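Predicted model only: the values in this text are computed from it and were never measured. All ligand and atom numbering here is 1-based and tracks the order in the structure.
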Amino acid sequence: MVGVLGRDLWIVWMKSHTSATLCLLMATMDPHKKLLTLLKRHFGFSSFRPLQREIVEDSLNGKDVVALLPTGGGKSLCYQLRAMAAEGLTLVISPLIALMKDQVDAMSELGIPATFLNSSLTPEESLERRRGLDEGTYKLLYIAPERLVMEGMLDQLKRWHLAFVAIDEAHCISEWGHDFRPEYRQLASVRARFPEVPVMALTATATQRVRDDIVKLLELRDSRPYVASFNRPNLSYRVIARHQPLEQIVEVLDAHKGESGIIYCLSRARTEAVAKALAERGFKACAYHAGLTPEERTRRQEHFVNDKAPIIAATIAFGMGIDKPDVRFVIHHDLPKNLEGYYQETGRAGRDGLPSECVLLYSPSDYAKLIGFIEEISDAQEKESARAHLGKMMRFAESARCRRIELLGYFGETYANEGGQTLDSCGACDNCLTPRESFDGSEEAQKILSCALRIHRKSGFSVGLHHLVDVLCGAKTEKIRKFGHETLSTYGIGTGHGRAAWLAYAQELAEKGLLVVRTDKFNIAEVTDKGLEALRGKQTVMLRRPLVSAKLSTEQRHKQRQKTGAVEVATELFEELRALRLRLARERGLPAYMVFSDATLQAMAALCPQSRDEMLDVVGVGEKKLAQYGDSFIEILRGWKQRKT
Ligand code: ADP
Ligand code: MG
Ligand code: ZN
């Protein structure tokens, strides 16, 4: 990657030059080497992630580009590096005012002069920043799209030598996306006013329709789209039959002590309930949804980002623009509406490239709830499309194939290794770790089907799967008493399996067409003709053993970590480095990850650098951070080495 100079040579070269001589030298350097120098100097990286280099170079050559990289693919670096490699001001359009401060703080930690203008600033602050812009102090200016079209803004940009425009979260321009922002539609006005200034649109969206909208609505010129693989090799996906969700969530949390994660829930009330229950058990969790005041939302977001409340139970209103790189798990308490949403939400885990888990708690009853919402959509075509998307989501949840292959397949991508060879399992998902064993479930099928028939015969109506399973398991519910279902001969015959397993079996019978869940009639489950036939003919029915525990065995955990690229380092040392990072971050009022990412601390623990020179070899250690924090970390690493030898 390092071109003419080999990597080691290049680093030696880096180390022997001060910033001032660097600048002089860079003016005469070939463009590729110049980018690599800036990459190490500001960001501390010695190689590009896929397509970053191509995107930056194309843009520097004056082209419009569309960067379609998955979350964590390193989109910000594309425009930040681009900004540092050229004269003039870079304008960054970003949808969320609340997150601009974070982005600008992160820039300043990297030694990159950046600022933002938004309504949160006092008139004095705003004036000062404008003065800075007049004087050319800043390389990057972040603003929200609505501000761009305000009186005089475009004139000011002209004065400030606008050289390049980056549009982050560019999918917001499309109504087909999941975060449509009408203000994004006005962005074409910059193009009209500054026809010569190149535009870079960035998004993690995977849908073609949204991509087409971006090119069309931003009026991009002969822009080449750069599409990276949407595989996230460090994420593992599991689907568990939801049974006792709180216990199952705690099982996941127990495997991630002290780490950060998101629990997505369908309803606002559920986010509150989950956060409360977790807090009662001693977890630092809080809830997030659109029903909170904007101030409260910002406060909770900050708590999450600063690790004061590292666990957040949220609706899908949460997530876009949260750049926290060390989210180690994403749990879905309920089934998402479609796979695009599922992919975006799970994508918020592991931006830093370290192994992270995505666990979906799935219950067939979610389908009923979601289809209910869909029925309320008035536009027939939209309704049909929503139904089809939900169907695909269901099939994903119920699939016995490798989750990674299924997910990539949905986006039209084949799962392959770096050499392009197609792979048939990822080794890290639930279906790869625990292939679900088939067994002769004829007896179980008989019990479920005959129970459904008995209920219908006694009451003259059918019931939903949950009630059916309650009767089988001999539950003492209000509803059972009301209908007198405890007198049925099938009441309580469901011994030998837990309730979650019975629910999964009943659902599988529905998948096989022996039962039908009537979404048009309160989701009642009726025995079909095929079901009757199976019951009378005493046919063999094969069923799959469901997965009801979110706990992994030691071997499974090991395999999962290995397959998602874990590097094992001394835990004790890693924790010491983390504690120092937290202290430094708190002193400076910054989120911990802005000091150094987990990936950087891990590399430090593995390399154990003993000097500033060696420290510069660590991924994520650039010049500014070396000067600012290097010595404190070296001290710990020296102490550790002495104790070990
Ligand atoms: P995106 O916006 O595409 O979701 P980010 O810009 O937030 O991704 O980057 C995700 C993480 O990847 C950040 O922690 C960033 O520092 C890191 N990163 C970006 N580019 C590189 C690179 N070339 N090498 C190593 N890490 C990188
Ligand atoms: Mg981003
Ligand atoms: Zn797999």
Side-chain angles (χ1 to χ4, degrees), residues 1 35-36 38-40 42-53 55-56 67-81 92-96 99 102-103 106-107 109-110 142 166-172 201-205 226 228 230-239 319-327 344 347-354 356 358 396 399-409 415 423-435 556 559-560 563-564 591 593-594 596-603 618-622 625:
M1 281 309 250
L35 284 184
L36 276 172
L38 289 171
L39 183 67
K40 182 63 203 172
H42 289 291
F43 301 90
F45 304 139
S46 13
S47 62
F48 287 105
R49 291 248 177 98
L51 301 181
Q52 281 179 329
R53 185 173 68 83
I55 290 166
V56 174
L68 302 154
L69 310 186
T71 306
K75 287 185 287 296
S76 342
L77 186 134
C78 294
Y79 58 79
Q80 290 160 357
L81 185 65
V92 184
I93 306 291
S94 167
L96 300 163
L99 297 163
D102 264 4
Q103 289 168 322
M107 294 283 81
E109 280 299 293
L110 296 171
Y142 286 73
I167 301 178
D168 206 1
E169 316 284 1
H171 59 275
C172 290
L202 307 105
T203 174
T205 195
Y226 285 98
F230 273 65
N231 183 28
R232 300 282 310 276
N234 61 315
L235 302 190
S236 57
Y237 304 92
R238 289 192 288 147
V239 182
M320 185 175 62
I322 304 264
D323 287 344
K324 191 172 176 16
D326 55 356
V327 173
Q344 295 304 342
R348 288 168 187 144
R351 279 167 186 264
D352 55 8
L354 299 186
S356 308
C358 311
F396 171 83
S399 170
R401 288 178 63 209
C402 172
R403 305 282 178 199
R404 192 184 302 279
I405 292 177
E406 289 277 347
L407 198 54
L408 289 175
Y415 178 42
L423 302 171
D424 60 6
S425 69
C426 76
C429 70
D430 58 321
N431 285 332
C432 287
L433 288 169
T434 331
Q556 284 174 324
K559 188 164 173 217
Q560 186 203 52
K563 292 283 182 187
T564 47
Y593 76 81
M594 276 188 206
F596 282 128
S597 72
D598 275 3
T600 295
L601 294 193
Q602 208 177 73
V618 172
V619 62
V621 182
K625 290 201 180 172

Using every non-hydrogen atom in the two residues, find where [X] and [Y] come nearest and quote the distance to one decimal.
{"X": "Thr600", "Y": "Val621", "value": "CG2-CG2, 4.0 Å"}
{"X": "Leu202", "Y": "Cys78", "value": "CD2-CB, 4.2 Å"}
{"X": "Arg232", "Y": "Ala349", "value": "NH2-O, 2.9 Å"}
{"X": "Cys426", "Y": "Lys563", "value": "O-CD, 3.6 Å"}
{"X": "Leu81", "Y": "Leu38", "value": "CD1-CB, 3.6 Å"}
{"X": "Tyr142", "Y": "Ser94", "value": "CD2-CB, 4.4 Å"}

Heavy atom of [X] under 4.0 Å from ligand 1?
{"X": "Leu77", "answer": "yes"}
{"X": "Gly73", "answer": "yes"}
{"X": "Ser47", "answer": "yes"}

Going by the atom numbers of ligand 1, which of them fall below 4.0 Å from some non-hydrogen atom of [X]?
{"X": "Arg351", "value": "1 (P), 2 (O), 4 (O), 7 (O), 8 (O), 10 (C), 11 (C), 12 (O)"}
{"X": "Phe48", "value": "23 (N)"}
{"X": "Gly74", "value": "1 (P), 3 (O), 5 (P), 6 (O), 8 (O), 9 (O), 19 (C)"}
{"X": "Pro70", "value": "3 (O)"}

Donor-acceptor contact below 3.5 Å, side chain [X] vs main chain [Y]:
{"X": "Asp598", "Y": "Leu354", "answer": "no"}
{"X": "Gln52", "Y": "Gly74", "answer": "yes"}
{"X": "Lys75", "Y": "Glu169", "answer": "no"}

Taking distance alone, with N or O pairs closer than 3.5 Å, would you say [X] contacts ligand 1?
{"X": "Arg49", "value": "yes"}
{"X": "Gln52", "value": "yes"}
{"X": "Thr71", "value": "no"}
{"X": "Leu39", "value": "no"}
{"X": "Pro325", "value": "no"}

(message) Among all protein heavy atoms in this structure, tell me which lies nearest to atom 4 (O) of ligand 1, with the distance rounded to 0.1 Å.
(response) Gly72 N, 2.6 Å

(message) Could you identify the single nearest non-hydrogen protein atom to atom 6 (O) of ligand 1 and state the distance to 0.1 Å?
(response) Ser76 OG, 2.4 Å

(request) To the nearest 10 degrees, calculate the angle at the Zn ion (ligand 3) involving SG of Cys402 and SG of Cys426. (result) 100°

(message) Which residue in the set Leu35, Leu77, Leu39 passes side-chain contact (heavy atoms from CB on, under 4.5 Å) when paired with Val56?
(response) Leu35

(message) Assess whether a salt bridge exists between Arg351 and Asp323, defined as any Lys/Arg side-chain N lying under 4.0 Å from an Asp/Glu carboxylate O.
(response) yes

(request) Considering only protein heavy atoms, determine whether one is less than 4.0 Å from atom 13 (C) of ligand 1. (result) no

(request) Between Phe45 and ligand 1, find which residue part has any heavy-atom pair under 4.0 Å and reply side chain, backbone, both or neither. (result) side chain

